[in-house]
Amino acid sequence: MPLQPTPTPEPQQTEVPPPNLPGIHGLLTLAVAVVVLTALYVGREVFLPMTLAILLAFVIAPFMELLRRWHLGRVPSVVLSMLVVMGILGSLGSVIGYQLAGLASDLPTYQVTVKQKMASLHDGALGRIPEMIRRIGNELERATTEPAKPAETPDAQAPAAPPEPAPLPVEVHEPDATPLELAQNILLPAIKPLATMGIVLVVLIFILLQREDLRDRMIRLFGSSDLHRTTVAMDDAARRLSRYFLMQLGLNASFGLFIAVGLWAIGVPSPILWGIFTMLMRFVPYIGSIIAAILPAALAAAVDPGWNMLILTLALFLISEPIMGHLIEPLVYGQSTGLSPFSVVVAAIFWTWLWGPIGLLIATPLTLCLVVLGRHVERLEFLDVLLGDRPALTPAENLYQRMLAGDPDEALESAELLLKDRSLTSYYDEVALAGLQLAANDASRGVLTGGQLDRVKGVIDALVADLSAHEDVEPEPQETKDEPVAPPQNAKPDIKQPAVAPEASASDRIGEKWKASGAVMCLAGRGPLDEAASEMLGQLLQKHGLGSQVVPYSSVSRSGIGALDATGIQMICISYLEISGTPAHLRYLLRRLRKRLPGVTILVGLWPAEEAILKDEALRAVVGADYYVTTLREAVVRSLEVATKQTQSAENPAPSPSEPPVKVRMLQAVPSGPSTAPAE
């Protein structure tokens, strides 16, 4: 019977799912954003005074709290605070008006100096530049224009055309303004700012009187499910913002005073006016100081017949502004203001477009308020992501990204920054191991190429080697009270446990055989990145007085375990970054190790803490390890405990068999813990 050919199976076509369309939640968010922007633009006459009142409330709140600590009531504190604010604003307005009046009366005297300088510039080299440009233009036009045709000779017999009559001049005279129109032209421009100021003061009074009630309403609106955390966050945010705005106002006022004194020493007229103007302009990021320097410089050029006053004025701003912006402000504010430089520029453009010049003045403090809300209110976290200065990736994700890029230098730089406020054990547990888990998960899914896997191994090996000189100690706590925005909970990995206590690794409690090289064998699992975790554990054990060696998985395979050098091994620590299901291979590995090294304590570190073996006591008993841990810190502590107990047992041997073993039977009756005691 002839054989029938086996039909070739048709290749299965994988259906590619269509791209995800924006859901109803995304569309609603977009609609809400459009409505909010439209409302802010259309209702700017209402929202702008309210925003100014809120920002002023942050500035006045510390002074009002000081008055309340002096046993003044709420209402007297608010009234006195408002009187002080109105007195300061009135004094500034009076000074500005007086300075402007004096400057306006002296302007005609400066016209002669300006005309003389313009004439000298016109007679000098600058005056010849327009003539040179005009000559060059004439030459170019003459070179490109064709020669004109000769004009025809007019007929002598033709009568001359009569001259056209000259047009009659027409003059338009507007009628003289009536007293009512004069009053309207003068008062109307002043009514709008006065009305805005009145609204600001009224809203400010109610905000100060109802501070706690408004806070409770915000808590109810954004975080009623966790009252404690939301209350602490709101109080902390208000305190930091008040402190920041008050420091900013103080620094800008000090800078304005310094500029006023400097201009007075140089001889520029109205120095107090330019000092106040400089103070206000410094609230505008990047370009505020430039705008503040233009007007005094122009006035200096108009006053002085020479150029010395102009040069000194420009030098005053060019020297003082970098010192204030790059030296004094970072020392006062702290290392971070909470805003990214790009967001400051974008915020200035956005608020200027939305609310005009006043929006430019309040752009930075208003954006800072939005960032604070984004860090403390979960629903508004996108504001912190868009406008804040914290990294978009978590430290573990950033480390994994640097691993994929093959950049050990940047990974080391990030590690050194994090090690300023955490121990080496904490960094390895919460950053390095977390980054390795991301890589191990991608490797198990098959999305990492061979080259990428090699780069990950190279970066983590270089990182562990570079951190070998770093001691595993708890650093001194660093306060961030000067920073206006507190770091969010997810900006830095939390220190779940402190570093291993120094008394736990006392050298006098550990025998010499545990200090010998290779006493603790750090065995890597069969995963591609398990050896990196073993290197971290081995380094930490050495820093705490235990001798260690890192052994690859191939050395304990069925074919290689016979050649394993078991001399001096007191304990075995096995590291797994990725293990799932029933770990049969782990059970057989432990069986081989028990046979090759009988009586040696075995510890298994399973860094993915959600694995089933850590939750199922029966499964742990079947596998057969003595201890199971989920962090490097637990592995170090457990290894030190085993080393201490065995050293004490060697120094104090057990009683002779003739003595009744009552105490031994009692110890055997004590049940072991679910995750730390040896398996039965």
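What's counted below: heavy atoms across the whole structure, side chains too, no hydrogens, waters or symmetry copies.
Residues forming a salt bridge (charged side-chain N to carboxylate O under 4.0 Å, His left out) with D407 (at least two apart in sequence, or on another chain): R402. Residues passing the salt bridge (charged side-chain N to carboxylate O under 4.0 Å, His left out) test with D442 are R445, sequence neighbours excluded. For S242, the side-chain hydrogen bond (donor to acceptor under 3.5 Å, both in side chains) criterion is met by no residue, not counting sequence neighbours. Residues forming a side-chain contact (heavy atoms from CB on, under 4.5 Å) with A519 (at least two apart in sequence, or on another chain): Q570. Take A396 and apply the side-chain contact (heavy atoms from CB on, under 4.5 Å) test, not counting sequence neighbours, and it matches T394, A434. Partners of S517 under the side-chain hydrogen bond (donor to acceptor under 3.5 Å, both in side chains) rule, at least two apart in sequence or in another chain, do not exist in this structure. Every residue two or more places apart in sequence or in another chain was checked for a side-chain hydrogen bond (donor to acceptor under 3.5 Å, both in side chains) with S414, and none qualifies. Residues meeting the salt bridge (charged side-chain N to carboxylate O under 4.0 Å, His left out) test with R594, sequence neighbours left out: D626. With sequence neighbours excluded, the residues satisfying side-chain contact (heavy atoms from CB on, under 4.5 Å) with I572 are M521, L523, I569, I574, L593, L597, V600, I602. By the side-chain contact (heavy atoms from CB on, under 4.5 Å) test, A347 pairs with W351, T367, sequence neighbours left out.
Within the structure, the salt bridge (charged side-chain N to carboxylate O under 4.0 Å, His left out) test picks out no pair touching residues 519-532 (sequence neighbours left out).
T601 is listed as a side-chain neighbour of Q646, based on a closest heavy-atom distance under 4.5 Å. Inter-residue side-chain proximity for L386 and V346 is flagged as unmet; no heavy-atom pair is nearer than 4.5 Å. Residues Y427 and L399 meet the side-chain proximity criterion, which asks for heavy atoms closer than 4.5 Å. Between V604 and L606, some side-chain heavy-atom pair lies under the 4.5 Å cut-off. You'll find the side chain of Y400 stays beyond 4.5 Å of the side chain of L436, heavy atoms only. Within the 4.5 Å cutoff, no side-chain heavy atoms of R633 are placed close to those of Y428. Looking at heavy atoms from C-beta onward, H470 lies out of side-chain contact with E416 at the 4.5 angstrom threshold. For the pair V642 and W514, the minimum side-chain heavy-atom distance is below 4.5 Å.
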Hey, mind stepping through C573 and S639 against side-chain contact (heavy atoms from CB on, under 4.5 Å) and telling me if it holds? CA-CA 9 Å; C573 297; S639 300; 3.8 Å; yes
Which pairs would a plain distance check flag for residues 545-556, meaning a side-chain donor or acceptor within less than 3.5 Å of a matching protein atom at least two apart in sequence or in another chain?
from: S548; atom 1: OG; to: G538; atom 2: O; distance (Å): 2.9
from: S548; atom 1: OG; to: Q542; atom 2: NE2; distance (Å): 3.2
from: Q549; atom 1: NE2; to: G518; atom 2: O; distance (Å): 3.3

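Of the possible donor and acceptor atoms, none in the side chain of R638 sits under 3.5 Å from a partner among the backbone N and O of Y627.
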